Amino acid sequence: MKKKWISMLLATSLALTLAAGCGSDDTKNDGTQNAADQENGGNQAAADTDQDKDNLIEEVSGSVYYLNFKPEQAEQWNDLAEEYSNETGIPVTIETAASGTYESTLKSEMAKSAAPTLFQVNGPAGLASWKDYCYDLKDSAVYKNLKSDDFALISDDGQVQGVAYVIETYGLIYNKDIIEDYCEMEGAKIKNASEINSFAKLKEVADDMQAKKDELGIKGVFASAGMDSSSDWRFKTHLANMPIYFEYQDDKLKTTEAVKGTYLDAYKNIWDLYITDSTVQPTMISGMTGEDAAAEFAMGEAVFYQNGTWAYRDITGNDVDDDDMGMLPIYIGVGDEANQGLCTGSENYWCVNKNAAEDDIKATLNFLEWVVTSDKGRRILSDEMGFVTPFSTFTDEYMPENPLVAAANEYIDSGKTSIPWVFSTIPSEKWKNGVGSALLEYAQGTGDWEAVKSAFVEGWAAEYKAVNQ
Amino acid sequence: MQKSLKKYFPVFAFPTLAAFTIGFFLPFVMGIYLSFCKFTTVTDAKFIGFGNYIKIFSDRTFLHSLWYTAAFTIVSMALINVLAFAVAMLLTKGIRGTNLFRTVFFMPNLIGGIVLGYVWQLLLNGILANFQKTLTYNSSYGFWGLVVLMCWQQIGYMMIIYISGIQNVPGELIEAAKIDGATPRQILWHVTIPMVMPSITICTFLTLTNGFKLFDQNLALTNGEPSSMSELLALNIFNTFYGRSGYEGVGQAKAVVFFILVALIAIIQTRLTRTKEVQQ
């Protein structure tokens, strides 16, 4: 008898588990669009009524599903979505891909029946694989509010396939406090930071500071040039932008099927500087991460840190005061260095999924319009996400509080020439990886500079061919 | 009996069959089809024939990771089995605390591969930092790091299988051998090992296929760095599929080649060790 009870109990629990499994599946299926609401509605009853309401409206006006690229702003996007849903009743789902997995997440999400209606690409190279999915944004409000066509991805036949939504700037972030200390030392090569206006000067100062690092209380002049995947893009992509840009300048190109590598010597010089006057031995950099470098700068152990305005959140609130953060152009000893500015551009373009239902496309365009025109949307984008955007609707009052952005604006106001992000024309990720690996092997002494040259020049031609065949 | 079996066959077999079809058979067939296609997402594929298969062999990283995986599998299979067998022998001798040891040795197997990978990355990098090196300095560091990790994780599991095998060796056989004047070494080679051959078949099969299919640990420990030189096959396929736009089909084709390879090797291996098994 007892046994029978036990087996009955087991059978019931099994059945329950199954039912629970199916049950949760069900809610997921018809609730996908409302996931954002449900997440935010702590009260179950409230969420239920919300859901009913949304389902009603859904039939009339579609829904928005945004696959977000920036994990650091995931929360703010959810807030924004909730705000919009409350105001209009249109359900907005925000999913955020984990850092470094955007392409793979997008690939699997786009294959689903409830595919993202709004996604992003990182520029012309990223667009190549998604161009067949991009809705023409020519008549959309979000495109019309752009300050200039430079911030849109426009195909040869005039289709607006992507619209940049954030402008970022990178350069050499430096610690003003330590530089001042150095300037007061005997035999200092400069009187103040503004005297660093060329590669020669930068190297002179960096070498001298490295020699006096113990007196300055630092571990090294440059934060570790980590080649872990969380940090290697700073060199294989952002730093590589410099030689590519100057080459494009010479030939008045916008993109090319084969780079010549004219300025690779300059690339080598700056890379040598980064790895020699560094906080760590070059043999260590293969394992150093982006957090390592950010921490070194934030704790005042390094003076220079090549990164951009987005890094502010990682380095603020530690030993270095916001007032002590400045940004210098990356001088590599090429071109008109006196007038060289910072590197400004975008790697984040919104694209609307052409294959989504018509209602959903409409809802998505409305959502985007709201984001860039309404006060709430603009507030969240600028104040909470800290974005500088290319939209004319973002007037001065919608400027994020970020000393690095301020530094970037100073350069623009003083008439220096900004350097565009030509690295978005790099043919493929594989090219970047090839250059990155060669840079690393050169740094640790297991390879030579010839390998970097060949990855840079021959790799470009090969990848361009492979991608555009 | 026969009749009721027939009658209830669909009832019992259907759920499993359905799950097998949905979870394995359909994706498998679809995967083979996709390996002949060019696609960005799996739902809009365009048939292109054998192009993907041709591209595989112009990809140097694939051939490299093939050899790298083979070397890794052989080394880790040998080490894991020898060590697991040795530990199993020790822990069937009736030393005090046997159960505690068995539990502790088995525990690493309960931790997920990604976690293990990160833990060992920290440990090994911590040691290598004394020599101003890191795990991704060159691919042989990653190789031996991975071998150490896999040994640590799998020895305990294989040990359990060997223990049960060793415990099943009839005591009278060993006793008889002893009376005949066999040395412990002779007993090991001529009695114990032939008798535990079924366990050896299972363990070599498991370690062999595990070695070939290894993914999480590889991803977490080195992620194929430097220059994809410590990339095992599974990771290489993953990176081809997701890492390069336009190469999704090539990744799929690699996966098909990979499947055939692993299946072949596993079949050959079980055949080989099966023939060595003896009847009790």
Side-chain angles (χ1 to χ4, degrees), chain A residues 18 100-113 115 121 125-133 226-230 232 280-288 355 427-441 443-447 451 455 462-463 466-469, chain B residues 15 30 34 38-46 48 51 55 58-61 118 121-122 124-142 145 219-231 238-252:
Chain A
L18 277 175
T101 64
Y102 191 78
E103 275 296 306
S104 51
T105 313
L106 183 60
K107 259 180 205 171
S108 49
E109 287 296 305
M110 288 297 259
K112 292 182 181 170
S113 52
V121 299
L127 184 68
S129 50
W130 295 106
K131 56 180 184 300
D132 298 337
Y133 292 81
M227 290 305 279
D228 178 81
S229 59
S230 58
D232 61 354
V280 294
Q281 291 289 319
T283 49
M284 291 290 290
I285 60 172
S286 70
M288 302 299 284
N355 300 334
S428 74
E429 280 301 309
K430 188 150 166 92
W431 181 89
K432 298 178 190 169
N433 293 340
V435 171
S437 305
L439 279 178
L440 171 63
E441 299 220 358
Q444 39 181 45
T446 47
E463 277 306 302
V467 172
N468 291 294
Q469 67 185 0
Chain B
M30 196 174 150
L34 284 175
K38 189 177 173 58
F39 60 95
T40 304
T41 63
V42 294
T43 41
D44 64 342
K46 204 174 81 214
I48 56 156
K55 271 193 196 154
S58 60
D59 182 356
R60 272 180 305 160
T61 60
Y118 282 121
Q121 187 195 43
L122 290 175
L124 295 172
N125 272 338
I127 297 168
L128 287 173
N130 296 326
F131 308 98
Q132 298 287 332
K133 296 274 162 63
T134 69
L135 204 52
T136 42
Y137 179 73
N138 77 37
S139 65
S140 62
Y141 285 60
L219 178 79
L221 195 71
T222 63
N223 197 9
E225 292 297 317
S227 324
S228 312
M229 283 296 128
S230 68
E231 206 172 51
F238 176 82
N239 284 340
T240 315
F241 191 94
Y242 284 119
R244 277 195 90 175
S245 69
Y247 272 66
E248 292 84 358
V250 182
Q252 199 61 47

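Order of the sequence lines sets the chain letters (A, B, ...), proteins ahead of strands, with each chain counted from 1. Here the structure is a predicted model, which is why all the values come from computation and not from measurement.
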What's the spacing between A:D228 CG and B:Q121 CD if we round to 0.5 Å? 7.0 Å
Nearest 0.5 Å, please: how far is CE in A:M227 from OG1 in B:T134? 11.5 Å
Take atom NZ of B:K55 as the centre, draw a 6.0 Å sphere, and report whether it contains more than 12 heavy atoms from other residues, nucleotides or ligands. yes
What residues form a side-chain contact (heavy atoms from CB on, under 4.5 Å) with A:A111, not counting sequence neighbours? B:T41, B:V42, B:T43
Which answer fits B:Y247, side chain, backbone, both or neither, if we ask what part of it has an atom under 4.5 Å from a heavy atom of chain A? side chain
Select, from A:E441, A:Q444, A:E109, the one with the greatest count of heavy-atom pairs under 4.5 Å involving chain B. A:Q444
Could you name the residues of residues 280-288 of chain A that have a heavy atom within less than 4.5 Å of a heavy atom in chain B? A:Q281, A:T283, A:M284, A:S286, A:G287
cation_pi(A:K107, B:F241) dist<6.0 Å, angle<=45: yes
Tell me, side chain or backbone of B:D44 under 4.5 Å from chain A's heavy atoms, or both, or neither? side chain
